[in-house]
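Below: the structure, in structure tokens.
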Amino acid sequence: MRKICLLLLLLCTMTSCDNDDDINNDATNQDQCNYQGFSYLDTNNNDQTLIQESELNTQHFPNASNGPYGAPGIEIASFTSSPTLFFTTNAIELNETGTGWISINGAQLEAVTVTCQRAGTAVGDEVRLDVVFGAIEVEFCVIIDEVL
């Protein structure tokens, strides 16, 4: 938990802590996923990428029996990047808000609020998830690599 809090606190001091919901709704990824991976919007309204999409593996689980925590969901992982990351959520329907779980550098899973801004169900589909932890907002813009 300490690692996640420190990383997110560091991001908040360097960023606007608001990836795409600024007052003018003019973030570059407001209406489309630019395949940036795990990113945030800095104080100059520039997208900053923490982990490139190419380093992330995104798995979609359409069936309740094999999804995260026994329900349909998405898992996103990168064990070779720095930082390493594991994320899972069942908030996978367009405009759905729910809980997700994130671990950075192998830390304990922490609960985050997730809003699905762009939904996908097949290999090659893009998915965009806004992730909020306290006052900090980051985003996943990823392409589904596997459907299991």
Side-chain angles (χ1 to χ4, degrees), residues 1 3-5 7-9 11-12 14-43 45-79 81 83-105 107-148:
M1 173 159 164
K3 288 180 183 179
I4 291 174
C5 289
L7 176 64
L8 295 176
L9 180 62
L11 282 176
C12 191
M14 297 174 4
T15 72
S16 67
C17 298
D18 190 353
N19 200 2
D20 62 0
D21 298 326
D22 62 326
I23 195 165
N24 298 318
N25 289 324
D26 60 0
T28 59
N29 54 4
Q30 182 68 33
D31 297 318
Q32 66 183 24
C33 189
N34 294 324
Y35 309 117
Q36 292 299 310
F38 185 48
S39 64
Y40 64 94
L41 193 66
D42 69 18
T43 54
N45 289 327
N46 296 311
D47 289 318
Q48 299 295 326
T49 302
L50 294 168
I51 303 175
Q52 293 288 331
E53 199 283 328
S54 61
E55 295 181 34
L56 296 169
N57 180 271
T58 302
Q59 297 177 334
H60 174 65
F61 297 88
N63 302 312
S65 62
N66 66 350
Y69 307 103
I74 286 181
E75 287 183 358
I76 302 170
S78 175
F79 299 112
S81 64
T84 61
L85 176 126
F86 178 80
F87 171 82
T88 187
T89 187
N90 299 102
I92 59 172
E93 299 292 327
L94 186 61
N95 299 319
E96 179 180 14
T97 297
T99 301
W101 298 92
I102 192 167
S103 171
I104 298 174
N105 285 333
Q108 177 180 333
L109 284 171
E110 293 293 329
V112 292
T113 301
V114 178
T115 302
C116 180
Q117 298 291 330
R118 196 170 192 82
T121 59
V123 171
D125 285 353
E126 58 188 30
V127 174
R128 183 171 147 232
L129 303 168
D130 288 343
V131 177
V132 177
F133 184 79
I136 301 161
E137 183 179 341
V138 292
E139 178 177 88
F140 286 102
C141 276
V142 294
I143 298 172
I144 296 174
D145 297 304
E146 298 176 76
V147 176
L148 302 172

Hey, does the side chain of [X] reach the backbone of [Y] with a donor-acceptor pair shorter than 3.5 angstrom?
| X | Y | result |
| --- | --- | --- |
| Thr89 | Thr99 | yes |
| Asn90 | Pro72 | yes |
| Thr88 | Ile74 | yes |

Between [atom1] of [X] and [atom2] of [Y], what distance do you get to the nearest 0.5 Å?
| X | Y | atom1 | atom2 | value |
| --- | --- | --- | --- | --- |
| Glu53 | Ile143 | CD | CD1 | 4.5 Å |
| Ser78 | Asn57 | OG | CG | 9.0 Å |
| Leu148 | Phe61 | CG | CZ | 4.5 Å |
| Thr58 | Leu56 | OG1 | CG | 6.0 Å |
| Asn46 | Ser39 | CG | OG | 12.0 Å |
| Glu139 | Asp47 | CD | CG | 7.5 Å |

On a heavy-atom basis, which atom in [X] and which in [Y] lie closest, and how many Å separate them?
| X | Y | answer |
| --- | --- | --- |
| His60 | Ile92 | CE1-CD1, 3.7 Å |
| Ala91 | Gly98 | CB-N, 3.8 Å |
| Leu94 | Ala119 | N-CB, 3.9 Å |
| Glu110 | Phe133 | CB-CE1, 4.2 Å |

Taking the six-membered ring for Trp, are Phe86 and Phe79 parallel (under 30°), tilted (30 to 60°) or perpendicular (over 60°)? parallel
So, do [X] and [Y] sit near enough that their side-chain heavy atoms are less than 4.5 Å apart?
| X | Y | value |
| --- | --- | --- |
| Trp101 | Phe87 | no |
| Pro62 | Val147 | yes |
| Thr113 | Val131 | no |
| Asp145 | Val123 | no |

Output, in order, the C-alpha distance, side-chain angles, deciding distance and verdict of side chain to side chain contact (heavy atoms under 4.5 Å, CB included) for Val127 and Ile144. CA-CA 7 Å; Val127 174; Ile144 296 174; 3.7 Å; yes
Derivation of the side chain to side chain contact (heavy atoms under 4.5 Å, CB included) call for Asp130 and Glu137: CA-CA 7 Å; Asp130 288 343; Glu137 183 179 341; 3.6 Å; yes
Worked check of side chain to side chain contact (heavy atoms under 4.5 Å, CB included) between Val114 and Thr97: CA-CA 5 Å; Val114 178; Thr97 297; over 6 Å; no
CA sep, side-chain torsions, deciding dist, call: Phe38, Thr49, side chain to side chain contact (heavy atoms under 4.5 Å, CB included): CA-CA 6 Å; Phe38 185 48; Thr49 302; 5.9 Å; no
